[in-house]
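To start, the structure under review is shown below, and the notes come after it.
Naming convention: chains lettered A, B, ... in sequence-line order (proteins, then strands); numbering from 1 in each chain.
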2 protein chains.
Amino acid sequence: MKGKATSLDIAHLAGVSQPTVSRALRGSPMVNEETRRRILAIAEQLNYKVDKNASSLRRQHSGTLALLLFEDPTSDESHINPFFLPMLGSITRACARHGQDLLISFQQLSDDWHADYADSNKADGLILLGYGDYLAYQGKLEKLVEQGTQFVRWGAVLPGQPGLSIGCDNLGGGRQAGEHLASLGRKRVAFLGDASSHYPEFHDRYLGCDQALREAGAAMDPALQIDAESSEDSGYAAARLLLDRDAAFDAVFAASDLIAIGALRALAERGLRIPEDVAVIGFDDIPAARIATPALTTVFQDTNRAGELLVEALVGLVNGEPTESMRLPTSLVVRKSSSG
Amino acid sequence: MKGKATSLDIAHLAGVSQPTVSRALRGSPMVNEETRRRILAIAEQLNYKVDKNASSLRRQHSGTLALLLFEDPTSDESHINPFFLPMLGSITRACARHGQDLLISFQQLSDDWHADYADSNKADGLILLGYGDYLAYQGKLEKLVEQGTQFVRWGAVLPGQPGLSIGCDNLGGGRQAGEHLASLGRKRVAFLGDASSHYPEFHDRYLGCDQALREAGAAMDPALQIDAESSEDSGYAAARLLLDRDAAFDAVFAASDLIAIGALRALAERGLRIPEDVAVIGFDDIPAARIATPALTTVFQDTNRAGELLVEALVGLVNGEPTESMRLPTSLVVRKSSSG
DNA sequence: CTGAAAGCGCTTACAG
DNA sequence: CTGAAAGCGCTTACAG
């Protein structure tokens, strides 16, 4: 036997036809039990594995999902947004549980990205992870829908959105942050992050916090909002801008933990005590939040559950089952940066 | 046109045979320039993409690599070893540059893991990442070689090893750690990590440190060595064991940053000042090392370069080019935990 | 430069 | 329960 064994090789050795081998291997009920055992034994002995290319070609179905991770082109090339890491892990595990293989690829946000994996029949569906300007992104989602590409994305769940989305309850998370700050008596809350409709997740977090503050007789002040993208450097820069404005504030709500960690550094450099002078709260609960000095209060998103749901939803979609967008609850994690 | 367009559809529209379409699309020089342009235009308009299953089946070559990430079954299910993350990123990017798709999968170390991806022609070769007992692992590597599976692994580069390995210069890295500690006048260096041949990377780090200390008139003391696997909890536990031994030491060399960060916590809990009472040095330079309190001195491994080399080596191997194992240099990163 | 033919290794009606 | 036949959509000798 030279090269890899094929089902035909096994058929010869077992004294049956090749289709019978195929049936036996995939557990078809219409194969004689003894014949099946014989075939399985030979297959094992030859270390035979069904050729997935042939199988996928014939079945028009690859048993593979593709994960497209969108990168902010401005961010450090070598680092993946740490928020996505546990999600990546849980997606990988969920795929294994569902018997799906997983292709992974990074996409530049600026790219004219495509659904190549789906178009070339290499994957049955796509999982889209990644921040970026939603308005620019939306057009591409519409194109995917138009082409009949199956996909789910992680992100803000909005009405009338193209395709399927799974995201956390950003509004609720923002409320939790706002309620917490209000309960500490903080009324002048700065927000670091783009709060426009280009970034609907950040936008909702801002709105939620504002709602909670209003219920406590305060409100977000636009003069205390500074744009920032989700990176430590951007958070550092935004906090410095805020400080230079010389407007009074007693709390910072950062749109993400990375922004918050950058802000922590800028605030400390100016000699501000955290949380005595300024309470700081982030969003995501990435591993670094716990290690930060002081440890960062934040709004937790269940990325493990999220990964599972993304895979389940996509598998459902591919199998033609009715599947819906979904919003996951968040929870507040109080640490020293707000209640030292 | 219903469903996805095929090369035959394009052939009809372009008024040529299907093989000509195939040739034009893959840039064969033996197609009339004008014909090619016409075909390409139609293909673009139809959003045609070559069916990878058909193509791979025919060519017996998938243009895909598979990354198998071995997990320590004892570690927290939801976290990937942070050391691997930048590597994962650079592997993904390197694959894109080489025109390779990347499949990713986690494997339990205890699994009877397999080269399914390669056996089923779904991938042309494997990249193996992951720690674990080397002696148990080696047998599986030999089996891969025997079956003719192409693979590269990240890990200790040892003589007479089955297959191709890329790893850092662990001995040299250990020496850098030892020299640094010796230059600070530290002579009683504890080592946290398994230093046996079951973990050749840790073993080499230990040996390197010992060599450097000996040149400075000291040496590692086996009484100051405690086994630990690469996790924060394990490092914490190991440091406590060490403290309970009541043996004097003025430095800790941890086999990895995670171990070091756990040790930092245990030492601080006992009221030891770092670095005044105990200098601490890790290995890897994961992102958390910079954030730790105090910031952790460590031995840097170039994971970005490593990822690239792994992909390059595997692609070379798959293409039948002569390819060799390789050892990457390390460098010392001095921070407050050794020189506050 | 182009086309007709064969074949990669499966899966799935269709007959028996 | 089993086999002969067709076909998934390509790529690649082989002829011309």
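Of all nucleotides in DNA chain D having an atom under 4.0 Å from a heavy atom of chain B, the first and last in 5' to 3' order are D:dG9 to D:dA13.
Judged by distance alone, with hydrogens and angles left aside, the side-chain atoms of A:Ser90 form a donor-acceptor pair with the main-chain N or O of A:Met87 at under 3.5 Å. The backbone N or O of B:Leu328 sits nowhere less than 3.5 Å from a side-chain atom of B:Gln301 that would complete a donor-acceptor pair. No side-chain donor-acceptor contact under 3.5 Å links A:Asn319 to the backbone of A:Glu321. No donor-acceptor pair under 3.5 Å is formed between the side chain of B:Arg23 and the backbone N or O of B:Val31. In this structure, the side chain of B:Asp124 engages the main chain of B:Ser62 through a donor-acceptor pair within 3.5 Å. A distance-only check finds no donor-acceptor pair linking the side chain of A:Gln107 to the backbone of A:Leu128 [under 3.5 Å].
For the pair A:Gln18 and B:Gly15, both in contact range of DNA chain C, the more 5′-proximal nearest nucleotide belongs to B:Gly15. Position along DNA chain C of the nearest nucleotide to B:Ala54 versus B:Ser17 favours B:Ser17 as the more 5'-ward residue.
Of the candidates B:Ile42, B:Ile39, B:Val50, B:Val21 forms a side-chain contact (heavy atoms from CB on, under 4.5 Å) with just one, namely B:Ile39.
Here the straight-line distance linking atom CG of A:Asn121 with atom OG of B:Ser55 works out to 12.0 Å at 0.5 Å rounding.
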Next item on the list: Using Watson-Crick or G-U wobble pairs with both distances under 3.5 Å, give me DNA chain D in dot-bracket, 5' to 3', with [ ] for crossers and | for pairs to another strand.
Entry: |||.||||||||.|||
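By the 30° and 60° cut-offs, the orientation of the rings of A:Trp154 relative to A:Phe83 is tilted.
In the region residues 21-36 of chain A, proximity to DNA chain C at under 4.0 angstrom, judged on heavy atoms, holds for A:Ser22, A:Arg23, A:Arg26.
Between the side chains of A:Thr64 and B:Lys122, at least one donor-acceptor pair of N or O atoms lies under 3.5 Å.
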